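As structure tokens, the structure follows; a few thoughts come after it.
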Amino acid sequence: MKQELEQLLLAALARLTGNVLPDPPAASAVAVERTRDAQHGDFATNLALRLAKAARRNPRELATAIVEALPASSLVARTEIAGAGYINYHLAPAPYARELAAIHSQGAAYGESRLGKGERVLVEFVSANPTGPLHVGHGRQAAYGATLANILSAVGFDVAREYYINDAGRQMDILTLSTWVRYLEGCGERLVFPENGYRGDYVRALAQKLAAAVGEELRRPAAAVLANLPADAPAGDKDAYIDALIERARELIGAQGFRRVLELALAEMLADIRGDLAEFGVVFDHWTSERAFAESGAIDHALAVLEASGRLHRQDGAVWFRATEFGDEKDRVVVRENGQKTYFASDIAYHLAKRERGFARLIDVLGADHHGYVARVRAGLIAMGQPGDCLEATLIQFVSLFRGAEKIPMGKREGQFVTLRQLRAEVGNDACRFFYLMRSHEQPLDFDLELAKARSNENPVYYIQYAHARVASVMKQLAARGLFFERVQGLAAHALLSGPQEQAVLRSLTRYPEIVEQAALNRAPHALAHYLRELANVFHTYYNAQGFIVDDTPLRNARLALVLGVQQVLRNGLALLGVSAPESM
RNA sequence: GCGCCCGUAGCUCAGUUGGAUAGAGCAUCAGGCUUCGAACCUGAGGGUCGGGAGUUCGAAUCUCUCCGGGCGCGCCA
């Protein structure tokens, strides 16, 4: 609808260009918007206000000229000029009826478009280190990333979902060591757990699995483990201590033994994360291992590309990337003095590889604490000859959990953070996903467990699901009365849908494709969540104002066609959000 | 110190190429079930859009400044 009105406007402007208007305005400037107030019609444009200066005419005069130049259309019942120079469109009934028929004929596909033109997009999200279970912050990133991918896919982008497994580097070594120390404890050795180790209970579970797999094969006496180590915190340096301990572990159980513990811990953690996400309705097309990526030589390839373009230099025994040439505040190390490549090197190589795999657009869904990192990776991409704007980062703000008014403390250090699994078990997947998505990702989220669990009017999830279930209930009632819905008659009788609530439902219903597009372009799934609430609201209002199962058969079928349209759109929207649409509740 | 994000009703938040009288939910108050599901609906009150200045026909939206909150600034990942 909206696009057709914009086409009409463009045609009008084309006619005026040369006489009334000096230059043809940019097509992107020609926009029609939904009105907020029904008094102003269905759609409006402020075009005359925008062009008035360039045309050197007063806005109302220009608006009159535009309206007179508009081609005739069956869409528009009438136009009027209002306020300072707005052009308001009052739509004819026909376009609404056509749109309702489209909902019925397209079903689950209604709302899809070809906006993205098949452009290949890689959405990378969650990518949490496999050193512990996912927590509630990852849950938000998972819900956001999965939903954004769904929405982009719906509007015609060719989307791939990817999880990057940070399975190389020191954090994995620390997890491995933590597991081994717990395993030794389980064997009966007495040692103090390192300050910098992973303290969560899940590490004990890993240790038990290890014991089940190897028995006491990897047991070493505590005295040998602890001999001649630097002091741990608080007296000493906890980083130096744990690095020494990792080194000691490698000496005592050998590189192979260490590797064996690492593989077991990694496999267990990944299985946990994968299962957790799958239960949450979040699935990935690719799980990319950093370790495998590094072993493939891809980092060396990226460094060679940088070297060839003259962006590297050596200083203090390390290799540096000249990030300052791209606006960064300082140059960045890519190969350390000890010969190890940095995380940054691996990450720009990874992003280069994404491009080389054929993705036009790279969307990284990151925690808000990563914001300083984006510019650097972009600089790396540009230095390697890639367009800087192909990389887009959406930063997801943090989640605070509340139980009513009481804030739940979260700290990895104490090992008492709330996991996504715990959260889902407590409030359920539907409420969980909806609560994550109903706020802008740019806004810190206060997640109230009591509210999410409440089966009450305070809970917006049920409000929307209830509308869906109510329609299902109406259809059951219809069957119970021995009646049947006649779709063809219902759609043909659209002229009977003239009541104010019916008009409001039609207006809201037909906004859906626009909302999906807007949510996609703005990377804003929450816009869809808000819309669904509004649609549920106009439906509930209609439900309370009118009976649907009336004796007048054409009227009954027209109303049923309308509410079935509402049900379809609710179902489609909830599907994008990853929330179920129950027939009864 | 430098950088990024945020500040809108009592509370939680929508409000994106600047646009008409700034909107929802919750809470409060007043109403609505003999009817297809009351997990619903109708109505009312509630605002210096953090403060100030600027840009212009027009600013919650753009710019500057100040105040307040969150987060980043490693040869860690």
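Everything numeric here is computed off the predicted structure, so don't read it as measured data. Each chain gets a letter, A, B and so on, in the order its sequence line appears, and its residues count up from 1.
- A straight line from NE2 of His313(A) to P of C75(B) spans 12 Å, rounded to a whole angstrom.
- When Watson-Crick and G-U wobble pairs are counted only if both distances are under 3.5 Å, C29(B) pairs with G43(B).
- Summarising the geometry, the separation between CZ on Arg533(A) and C1' on A39(B) is reported as 12 Å, rounded to the nearest angstrom.
- Here U35(B) sits opposite no nucleotide as a Watson-Crick or G-U wobble pair (both hydrogen-bonding atom distances under 3.5 Å).
- Within 4.0 Å (heavy atoms only), His540(A) reaches sugar-phosphate atoms of the nucleic acid but no base atom.
- At a threshold of 4.0 Å, the pair Arg314(A)-Glu307(A) counts as salt-bridged, since one of the basic side-chain nitrogens sits closer than that to a carboxylate oxygen.
- A donor atom on one side chain and an acceptor atom on the other are found under 3.5 Å apart for His351(A) and Asp364(A).
- Nucleic acid contact class of Ala168(A) (heavy atoms, under 4.0 Å, all strands): sugar-phosphate only.
- In terms of phosphate contacts, Asn166(A) brings no side-chain nitrogen or oxygen within less than 4.0 Å of OP1 or OP2 of C76(B).
- Remark: P of G18(B) and CZ of Arg50(A) are 7 Å apart, rounded to the nearest angstrom.
- Between the side chain of His370(A) and the base of G72(B), no donor-acceptor pair under 3.5 Å is found.
- Within 4.0 Å of Ala467(A), counting heavy atoms only, lies no atom of the nucleic acid at all.
- Nucleotides C41(B) and C33(B), compared at atom C1', are 11 Å apart to the nearest Å.
- Side-chain proximity of Arg170(A) to A77(B), C13(B), U17(B): nearest is A77(B).
- If you check every strand for non-hydrogen atoms under 4.0 Å, Asp243(A) touches nothing.
- Residue-level contact check: Ser440(A) touches the backbone only, with heavy atoms under 4.0 Å from sugar-phosphate atoms and none from bases.
- Using a 30° and 60° split on the angle between ring planes, Phe548(A) and Phe539(A) fall in the tilted class, from 30° to 60°.
- Pairing for U63(B) is with A53(B), a Watson-Crick or G-U wobble pair whose two hydrogen-bonding atom distances lie under 3.5 Å.
- Among the heavy atoms of the strands lying under 4.0 Å from Asn46(A) is at least one base atom, whether or not backbone atoms are also near.
- Atom-to-atom, CG of Leu528(A) to P of U16(B) comes out at 16 Å; the value is rounded to the nearest Å.
- Of the C1' atoms belonging to A53(B) and U16(B), the separation is 25 Å, rounded to the nearest Å.
- Met585(A) comes within 4.0 angstrom of a nucleotide base, judged by non-hydrogen atoms across all strands.
- With a cut-off of 3.5 Å on both pairing distances, the Watson-Crick or G-U wobble partner of C4(B) is G70(B).
- Using a 4.0 Å heavy-atom criterion, one finds that Phe398(A) contacts the sugar-phosphate atoms exclusively.
- Minimum atom distance to the side chain of Tyr466(A) is reached by C40(B), of the listed C41(B), C75(B), C40(B).
- In this structure, of A77(B), U17(B), C36(B), it is A77(B) that holds the atom nearest to the side chain of Glu290(A).
- Comparing A59(B) with A20(B), their C1' atoms are spaced 14 Å from each other, to the whole Å.
- Using modelled atom types and a 3.5 Å distance limit, the side chains of Gln489(A) and Asn557(A) yield a donor-acceptor pair.
- Using a 4.0 Å heavy-atom cutoff across all strands shown, Thr541(A) reaches sugar-phosphate atoms only and no base atom.
- The aromatic ring of His526(A) is not stacked on the base of A14(B), since the criterion of ring centres less than 5.5 Å apart with planes inclined by under 30° is not met.
- The separation between Asp239(A) atom CG and C75(B) atom P is 14 Å, rounded to whole Å.
- Between Arg559(A) and Glu502(A) a salt bridge is recorded (basic side-chain N to carboxylate O distance below 4.0 Å).
- Counting non-hydrogen atoms under 4.0 angstrom, Gln443(A) reaches the backbone sugars and phosphates but no base.
- In this entry the distance linking OH of Tyr164(A) with C1' of A77(B) reads 11 Å, nearest Å.
- A20(B) has Tyr86(A) stacked on its base ring, the centres lying under 5.5 angstrom apart and the planes within 30 degrees of parallel.
- Electrostatic pairing of Arg170(A) and Asp243(A) counts as a salt bridge here, judged by a charged N lying under 4.0 Å from a carboxylate O.
- Judged by distance alone, the side chains of Glu162(A) and Tyr350(A) do bring a donor and an acceptor atom under 3.5 Å apart.
- We find that OH of Tyr373(A) is positioned 11 Å from P of C73(B), with the value rounded to whole Å.
- Shown here, G23(B) forms a base pair with C13(B); the pair counts as Watson-Crick or G-U wobble because both key distances fall under 3.5 Å.
- At the heavy-atom level, Gln397(A) lies under 4.0 Å from the strands shown only through sugar-phosphate atoms.
- What separates CH2 of Trp320(A) from P of G74(B) is a distance of 11 Å, to the nearest Å.
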